[in-house]
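To find a chain, count down the sequence lines: A is the first, B the second, and so on, and within it residues start at 1. What you are looking at is a predicted structure, and each value in this text was computed from that prediction instead of being measured.
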Amino acid sequence: MDSVAETGCGGWGQPPDSDYKELKELCRELELPLLEHFWNLEVVDLRTGEVVDQYRQRCCSWTRNMYNGTMCQHGGICATDQTTFDDDHLNYKRTDGSLYGSIAYALRRIFSYLSLRGDDEYGILVGTDDAAESFEDYTLIAKVGQGVGAGQLYYYKTETSLLSWSAGARKFTCTYRRFMNNYSGGNIVVREIAMVGYWPASYYVLDARDVLVSPVTVQHYHQLRTQYEMESVVFPS
Amino acid sequence: MRLRDMPEDVELRKRERLRVLCQKLKIPVVEARLRLVVTDKNGREVSYLERFSHSYTRNFYNRLTGCTFLRESPPASGFGDGVLTVKQTSGALAGANTLARERLEDRNYGYRQYASQTVSSILLGTDNTAESFEDYKIGILIPDGSGAGQMEYQTSSFTEGWDVGSRYYWSLWERDIDNLSGGSITVYEIALVFRPYSAIYITVIRDVIAGGQVVTNGAQLTVQYEFRLTYP
């Protein structure tokens, strides 16, 4: 194994873990629900099965899309404004840059992260650009496309584990997982990772984009295993 | 220190710190405020109460978790720890990712409801049993009407907006409820019931008013719930 990295958002000027602990404590005291999420990455040599790199990082970058969805669902509003994607407008920016707003957009029930094999439009996706995360991100900057050609990864389907509940910690955990193989003939350096949701009728909406604190190199004939781990608030007892 | 023992100024400071951290860490936390305004039959304001709502139910927590995870548990799993379901006001269960399929801002979906209807939106009751995380319906509903112990529920209204200075989006749900019963009525509990679609009714908040809120005959009680989400 070349390296093992585990980090919160403590590096590169990002918030320290103590801030998260304080926030969690405040939410517990004020009886407010809170959610957290993390990225786990692992690189495996397909020839030997050896794990050559492991990585864990707090996901720090829910986008405006995700905030707008949260406000709509729990504030009881529909995102119907298709004019501008900024403050004071509730809508969604699709990965192609177009805006979407509709009374039907409260339909998160049929929203999905479960992309199929070979689909690089949604689910967990990776890219090679390390441009700083922005609240306004709506797409990966330089997505690694599907395939076996130069600079491409072969994407397997995005899967989800069973929902788990920790009786001791009193919280839910849900993990989405996706494997990607490098048959490109060269190295691919992954610097950004995203979670993109799909709506029927081909609407793709980026919920989170994170720049990796340390880039992950996926050599030829290696497999990148990605996990998006979501944790609920600690439930009141 | 639990919230119910917390002095108001301490709570305000903590909430301000909460918003700062939420902005910094880019984690969305939805807050709710409750306002009660009583006006007498001459239209004069005789009482005003504003406070943070302290009582999101398990339904709210499960909806937030289910909607974000895009996961839910089948109703047969039950309702309680480790299960992502919601308990309807009827007691029947549904998946926690049961979300709005209809026009949340239109007709009588979401938190909106027509006059005289007491199946969803803002509801009043007379039970002062302490709030519980497991509440799924109002304790003792004040029925619609003008008879003894009844109040007339008006159509709920809705506004939304963006606060430039504090960078939060807000949605405000309001309902006027009139006392034409001929006597005073003391309101002890208020519930906010969400209707995602069809005949599904989910109580997401139940607040108990310490000491009760007296509404004299001829007076009107205006109830507001305001949701706020602070953006980065």
Side-chain angles (χ1 to χ4, degrees), chain A residues 9 15 19-20 22-23 26-27 29-37 60-64 66-78 80 87-90 103-104 106-114 133 135 160 163-167 170 172 174 176 197 230 232-233 235-237, chain B residues 1-3 6 11 14-15 17-18 21-22 24-31 52 54-56 58 60-61 63-65 67-71 73 81-84 97-106 110-112 133 158 160-162 164 167 169-171 173 194 196 204 227 229 231-232:
Chain A
C9 287
D19 282 347
Y20 290 92
E22 184 184 358
L23 179 61
L26 280 171
C27 282
E29 289 182 12
L30 298 170
E31 301 178 80
L32 291 167
L34 173 76
L35 297 161
E36 295 182 280
H37 48 163
C60 306
S61 52
W62 270 342
T63 61
R64 182 181 291 281
M66 191 65 174
Y67 270 70
N68 285 353
T70 301
M71 185 63 205
C72 288
Q73 294 299 342
H74 305 290
I77 324 170
C78 283
T80 54
D87 296 343
D88 198 16
H89 295 87
L90 280 185
I103 55 168
L107 277 166
R108 198 166 164 83
R109 183 185 177 85
I110 54 172
F111 189 73
S112 175
Y113 293 134
L114 301 176
E133 300 139 356
F135 186 54
T160 184
L163 189 69
S164 69
W165 167 259
S166 167
R170 299 193 56 73
F172 287 100
C174 175
Y176 286 89
M230 310 165 87
S232 77
V233 65
F235 274 52
S237 50
Chain B
M1 182 189 296
R2 299 298 297 166
L3 188 59
M6 193 180 292
E11 182 179 350
K14 285 182 181 288
R15 286 185 181 266
R17 178 64 180 156
L18 172 92
L21 285 172
C22 285
K24 180 179 178 182
L25 304 177
K26 296 183 187 172
I27 294 182
V29 174
V30 181
E31 294 183 273
F52 292 100
H54 298 159
S55 46
Y56 282 147
R58 183 183 290 279
F60 188 93
Y61 274 65
R63 281 194 69 239
L64 181 72
T65 305
C67 298
T68 308
F69 286 11
L70 301 182
R71 298 295 299 273
S73 305
D81 287 349
V83 182
L84 278 185
N97 196 15
T98 298
L99 293 174
R101 294 179 180 175
E102 304 287 350
R103 301 162 181 258
L104 285 181
E105 301 167 26
D106 192 12
Y111 299 120
R112 176 167 290 190
F133 186 55
F158 164 78
E160 63 182 306
W162 170 257
V164 177
R167 296 196 53 75
Y169 206 96
W170 55 269
S171 65
W173 297 90
F194 185 72
V204 294
F227 290 100
L229 176 61
Y231 280 54

Begin with the C-alpha distance, continue with both residues' side-chain angles, and end with the deciding distance and a verdict on side-chain contact (heavy atoms from CB on, under 4.5 Å) for B:Thr65 and A:Met230.
CA-CA 9 Å; B:Thr65 305; A:Met230 310 165 87; over 6 Å; no
Starting from the C-alpha separation in whole Å, work towards a yes-or-no answer on side-chain contact (heavy atoms from CB on, under 4.5 Å) for A:Leu90 and B:Glu160.
CA-CA 10 Å; A:Leu90 280 185; B:Glu160 63 182 306; 3.9 Å; yes
Please step through side-chain contact (heavy atoms from CB on, under 4.5 Å) for the pair A:Asn68 and B:Tyr169, ending with a clear verdict.
CA-CA 9 Å; A:Asn68 285 353; B:Tyr169 206 96; over 6 Å; no
Checking side-chain contact (heavy atoms from CB on, under 4.5 Å) for the pair A:Leu32/B:Arg15: CA distance, chi angles, key distance, verdict?
CA-CA 10 Å; A:Leu32 291 167; B:Arg15 286 185 181 266; 3.8 Å; yes
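Atoms CD and CG, on B:Glu11 and A:Leu26 in that order, are 11.0 Å from each other to the nearest 0.5 Å. Interatomic distance, B:Trp162 CH2 to A:Met71 CE, rounded to the nearest 0.5 Å: 10.0 Å. We find the CG-CG distance between A:Asp19 and B:Leu25 to be 5.5 Å, quoted to the nearest 0.5 Å. With rounding to the nearest 0.5 Å, the separation of NZ in B:Lys24 from CG in A:Leu23 is 11.0 Å.
Annotation: A:Phe172 is not in aromatic contact with B:Phe69 [ring centroid separation under 6.0 Å not met].
When side chains are defined from C-beta on, A:Leu30 does not count as touching B:Phe52, because their heavy atoms never get closer than 4.5 Å.
The shortest non-hydrogen separation linking A:Cys27 to B:Leu18 is SG-CD1, 3.6 Å. Scanning all heavy atoms of the two residues, the minimum distance from A:Pro236 to B:Tyr61 falls at CD-CE2, 3.7 Å. Among all heavy-atom pairs drawn from A:Pro33 and B:Leu64, the shortest one is CB-CD2, 3.4 Å.
Looking only at heavy-atom pairs under 4.5 Å with chain A, the residue among B:Pro28, B:Cys22, B:Ser171 that has the most is B:Pro28. Heavy-atom pairs under 4.5 Å with chain A were tallied for B:Val29, B:Val204, B:Ile27; the largest tally goes to B:Ile27. Each of A:Leu114, A:Thr63, A:Asp87 has some count of heavy-atom pairs under 4.5 Å with chain B, and the biggest count is that of A:Asp87. Your options are B:Val30, B:Val83, B:Leu84, and the one with the most heavy-atom pairs under 4.5 Å with chain A is B:Leu84.
Using a distance-only test at 3.5 Å, with no hydrogens or angles considered, a donor-acceptor pair links the side chain of B:Trp173 to the main chain of A:Gly75.
Proximity to chain A involves both the backbone and the side chain of B:Arg17, based on heavy atoms less than 4.5 angstrom apart. With a 4.5 Å cut-off on non-hydrogen atoms, A:His89 touches chain B through its backbone but not through its side chain. For B:Tyr56, the part lying under 4.5 angstrom from a heavy atom of chain A is the side chain only.
Applying the side chain to side chain contact (heavy atoms under 4.5 Å, CB included) test to B:Pro232 and every residue at least two apart in sequence or in another chain returns A:Tyr67, A:Phe135, B:Lys26.
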